[in-house]
Amino acid sequence: MSNKVRVRFAPSPTGGLHLGGVRTVLYNYLFAKHHGGDFILRIEDTDQNRYVEGAEQYILDCLKWAGLEPDESPVHGGAFGPYRQSERKAMYRQYAEQLVNDGYAYYAFDTPEDLEKMRETHKSADNPSPQYDHHVRMKMRNSLNLTADETKALLDAGTRHVIRIKMPQGETIGFTDMIRGYIEFETSLVDDKVLLKADGMPTYHLAVVVDDYSMKITHAFRGEEWLPSAPVHLLLWKYLGWHDQMPQWAHLPLILGPNGKLSKRDGAKYGFPVFAMNWKDPKTGELTEGFREKGFLPEAFINLLALLGWNDGTEKEIFTKAELIEKFSLERVHAAGAKFDYEKAKWFNHEWVKQSVVGSLESVVRGILEEKGLSIPDEAFLRKVIGLVKERCTLLPDFAEQASFFFKSPVEYDLAAVKPKWSEAKDAFFKVLIAQYETVNWSAADLEASFKELATAKAIKPGELLLPLRIMLVGGKFGPGVFDIMEVIGKEESFKRVADALVAFGG
RNA sequence: GGCCCGUUCGUCUAAGGGUUAGGACACCACCCUUUCACGGUGGUGAUACGAGUUCGAAUCUCGUACGGGCUACCA
């Protein structure tokens, strides 16, 4: 009971959910489900300045699309709520004050100007970014140098203040990362991080510890960018007296763009999506494209993300969600960052489109075709078309290109492919062919046999005739076999297309 | 600058002391297909560098270089 696996994804609702975020969700989810545990979504909305309307709902929508729904969240509920940090505000101050009372933290009354001045005066070539640490804290305005009475007076007067952790000097503190092994830090080198901000909200550092503790999180996974602040969190677990309940940590490798940590900018610059779904910034109105809208199947999306930094030790690359849950293990997560390769991402989707059964593709493809203004006669027809073209579709919108000629006659022909070699004899061939087809059983195999028979009789190489026939039916040099196409579109439509094209070719 | 993490084909990775260093994407060639794809076969292509340990190192240790992250009252 008490050792049930509980993991959490804790995004801040500041905008779109990018690849790295979704992969963190995925690894959390897979780990939880592999161990029969729970996956929790916690919203870290402690920074009121960066809060973006709609971002929380967007994150929920992304998880739903990807098939990674949480067991507990602000909307799914759960026994450890509330799941928004803004709604947990009261408890953080209590713990922060406890730390002050125990001598592990202190009140700091420095204004932003004071901090700015401190950084300016201590800045040098050797130390380009001075920290608020043991070197300077005794020169600042905080409860460490003020008398108890002075501090109390300031607090009573409602002076704006923060609570900072008092990093000890000369201690070495470490932990064992599930991916990287033992890592240690020198406490003197870490600054006195703010724990509670002047507005009463906790910073990430305090909130993550308090919440992971109170939500009984057993394993905590986050991006590698958090590694440098691990010593602060380690100390908080210890100072708060919870050290034996600290989750096991794993710092996930970063997903890199062409230069450094993958960013929204990279997507725009290199032409690939970075967010799971389209994200429209409510303030600027700027739209950032998502994998869903680009035409990725959710199954392919999680598959490609899972393989970006993990493999099961075999050469298998295509995994269903169930297989991922079964095979996933943190020990096989690569420690190094992985550069995102859009070409490979598309390959994953193509594999998924090819192997998907027709029925599972039907509704999305229907949507895509209808959006193009094509009317779909009936379900059976649509299914046949999907079966015929799916292997040449990499992204979902490719269905529009690959299948539209099934639903409407070509508007224009690739005449350059036919005209130069067009002849009276060929024209005559097709007229006879149509007459002959009147009595042929309308199946691809029979149509082909009949076609070849007539070609032989007329002493024209079938190859000379197949391309023109394709252009008549399709308009261009692409698509499935011509006889398969005819079988699907039917006799009447086939005859009409041949007759129309004959006019165009002749003129 | 300091601290931390990392380093196998262009990219994602396998190989956790002994292999002709394997696979996938991409690229090239050929085959299949008288379309476009799919598919098949083959090819180009990597252990960052230097020491050390060892009979033997991509694998262990150290150093160097390079890459990345962090260095906010942001997460």
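Order of the sequence lines fixes the chain letters, A, B, ..., with proteins taken first and strands second; residue numbering starts at 1 for each chain. Side-chain atoms are counted along with the backbone in the values below, which use heavy atoms only and exclude waters and symmetry mates.
- Nucleic acid contact for Ala198(A): base, since at least one base atom lies under 4.0 Å from a heavy atom of the residue.
- Of all nucleotides listed (rG68(B), rG6(B), rU35(B)), rU35(B) comes nearest to the side chain of Lys477(A).
- Distances were taken from every side-chain heavy atom of Ser129(A) (C-beta onward) to each of rC38(B), rC73(B), rU71(B); the shortest belongs to rU71(B).
- Taking the nucleotide of RNA chain B with the nearest heavy atom to each of Gln402(A) and Thr314(A), the more 5' of the two is matched to Thr314(A).
- Figure legend. rG16(B) is base-paired to no nucleotide; pairs are counted as Watson-Crick or G-U wobble with both atom distances under 3.5 Å.
- Of the candidate nucleotides rC74(B), rC12(B), rG68(B), rG68(B) has the atom nearest to the side chain of Glu224(A).
- Comparing the same atom, P, in rG39(B) and in rG50(B) gives a spacing of 41 Å after rounding to whole Å.
- Asp398(A) has its CG atom 14 Å from the C1' atom of rC38(B), to the nearest Å.
- For Phe478(A), whose side chain is taken as the heavy atoms from C-beta onward, the closest listed nucleotide among rC36(B), rG69(B), rA72(B) is rC36(B).
- In this entry the base of rC62(B) is anti relative to its sugar, with a glycosidic angle more than 90° from 0.
- Within the shown strands, rG2(B) is the pairing partner of rC70(B) under the Watson-Crick or G-U definition, both distances less than 3.5 Å.
- Between rA24(B) and rC36(B), the two P atoms lie 25 Å apart (nearest whole Å).
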key: Pair Arg93(A)-Glu97(A), salt bridge (Lys or Arg N to Asp or Glu O under 4.0 Å): steps then yes or no   = CA-CA 6 Å; Arg93(A) 170 166 286 276; Glu97(A) 279 173 353; 2.9 Å; yes
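- For Lys123(A), no side-chain nitrogen or oxygen approaches OP1 or OP2 of rU71(B) to under 4.0 Å.
- Using cut-offs of 30° and 60° for the angle between ring planes, the Phe430(A) and Trp422(A) rings count as parallel.
- With rG6(B), rC74(B), rC3(B) as the choices, the nucleotide that has an atom nearest any side-chain atom of Thr203(A) turns out to be rC74(B).
- Residue Pro253(A) is classed as having no contact, given no heavy-atom separation below 4.0 Å to the nucleic acid.
- Geometrically, Lys344(A) engages Trp347(A) in a cation-pi contact, judged by NZ or CZ lying under 6.0 Å from the ring centre and within 45° of the ring axis.
- Within 4.0 Å of Arg222(A), counting heavy atoms only, lies no atom of the nucleic acid at all.
- Taking a pair to require two hydrogen-bonding distances under 3.5 Å in either a Watson-Crick or a G-U wobble arrangement, rC38(B) remains unpaired.
- With both pairing distances under 3.5 Å, rA65(B) is matched to rU7(B) as a Watson-Crick or G-U wobble pair.
- Among the heavy atoms of the strands lying under 4.0 Å from Val194(A) are primed sugar atoms or P, OP1, OP2 only; no base atom is included.
- Here Lys390(A) does not reach the OP1 or OP2 of rC38(B): none of its side-chain N or O atoms lies under 4.0 Å away.
- At the heavy-atom level, Asp199(A) lies nowhere under 4.0 Å from the strands shown.
- Of the C1' atoms belonging to rC27(B) and rC9(B), the separation is 12 Å, rounded to the nearest Å.
- Gly223(A) comes within contact range of no nucleotide atom at all, as no heavy-atom separation falls under 4.0 Å.
- Under the Watson-Crick or G-U wobble criterion, with both distances below 3.5 Å, rC32(B) has no partner in any strand shown.
- Contact annotation for His251(A): no contact, since no heavy-atom pair falls under 4.0 Å across all strands.
- Checked by distance alone, Arg392(A) brings a side-chain donor or acceptor within 3.5 Å of a matching partner on the base of rC36(B).
- Checking rC25(B), rC3(B), rA75(B) against the side-chain heavy atoms of Asp47(A) singles out rA75(B) as nearest.
- One C1' atom belongs to rC5(B), the other to rA37(B), and the distance between them is 44 Å to the nearest Å.
- OP1 or OP2 of rA14(B) has at least one side-chain nitrogen or oxygen of Asn311(A) nearer than 4.0 Å.
- At the phosphate of rC73(B), OP1 or OP2 sits under 4.0 Å from a side-chain N or O atom of Arg164(A).
- Contact between the side-chain N/O atoms of Thr46(A) and the OP1/OP2 oxygens of rA75(B) is found at a separation under 4.0 Å.
- For Asn127(A), taking side-chain heavy atoms from C-beta onward, the closest of the listed nucleotides rG1(B), rG2(B), rU35(B) is rG1(B).
- OP1 or OP2 of rC73(B) has not a single side-chain nitrogen or oxygen of His161(A) nearer than 4.0 Å.
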task = Show your reasoning for whether salt bridge (Lys or Arg N to Asp or Glu O under 4.0 Å) applies to Glu87(A) and Arg84(A).
result = CA-CA 5 Å; Glu87(A) 295 167 12; Arg84(A) 285 185 199 98; 2.7 Å; yes
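- Taking the six-membered ring for Trp and the full ring otherwise, Phe301(A) and Phe291(A) have centroids separated by under 6.0 Å.
- Less than 6.0 angstrom separates the ring centroid of Phe505(A) from the ring centroid of Tyr413(A).
- Spacing between rU11(B) and rA26(B) at atom C1', rounded to whole Å, works out to 8 Å.
- Side-chain N/O atoms of Thr111(A) and Asp114(A) include a donor and acceptor closer than 3.5 Å.
- Applying the 3.5 Å distance criterion, the base of rA24(B) shares a donor-acceptor pair with the side chain of Lys344(A).
- Using a 4.0 Å heavy-atom distance criterion, Ile183(A) is classed as a sugar-phosphate-only contact.
- Close to rC70(B), at under 4.0 Å from its OP1 or OP2, lies a side-chain N or O of Lys261(A).
- Here the side chain of Leu256(A) is nearest to one of rG1(B), rU13(B), rG68(B), namely rG68(B).
- To the nearest angstrom, C1' of rC5(B) lies 18 Å from CE of Met178(A).
- Arg180(A) comes within 4.0 angstrom of the backbone, heavy atoms only, and of no base.
- Nucleotides rA46(B) and rU59(B) are separated by 15 Å at their C1' atoms, to the nearest Å.
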query = Between Glu286(A) and Lys264(A), is a salt bridge (Lys or Arg N to Asp or Glu O under 4.0 Å) present by the stated rule, with each step listed?
reply = CA-CA 12 Å; Glu286(A) 182 195 5; Lys264(A) 194 177 74 175; 3.5 Å; yes
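- Using cut-offs of 30° and 60° on the angle between ring planes, the pair Phe275(A) and His18(A) is tilted.
- Between rU47(B) and rA15(B), the two C1' atoms lie 11 Å apart (nearest whole Å).
- In terms of phosphate contacts, Lys354(A) brings a side-chain nitrogen or oxygen within less than 4.0 Å of OP1 or OP2 of rG39(B).
- Checking each of Trp249(A), Trp237(A), Tyr182(A) against Phe175(A) for a ring pair (Phe, Tyr, Trp, His ring centres under 6.0 Å) leaves exactly one that passes, namely Trp249(A).
- The phosphate of rA15(B) (OP1 or OP2) has a side-chain N or O of Arg332(A) nearer than 4.0 angstrom.
- Contact annotation for His205(A): no contact, since no heavy-atom pair falls under 4.0 Å across all strands.
- Here the separation of rG6(B) from rU13(B), taken at their P atoms, is 14 Å to the nearest Å.
- Position along RNA chain B of the nearest nucleotide to Glu343(A) versus Asp126(A) favours Asp126(A) as the more 5'-ward residue.
- In the set rC25(B), rU34(B), rG6(B), the nucleotide with an atom closest to the side chain of Ala336(A) is rG6(B).
- When each of rC5(B), rA14(B), rU71(B) is scored by its nearest atom to the side-chain atoms of Gln131(A), the top-ranked nucleotide is rU71(B).
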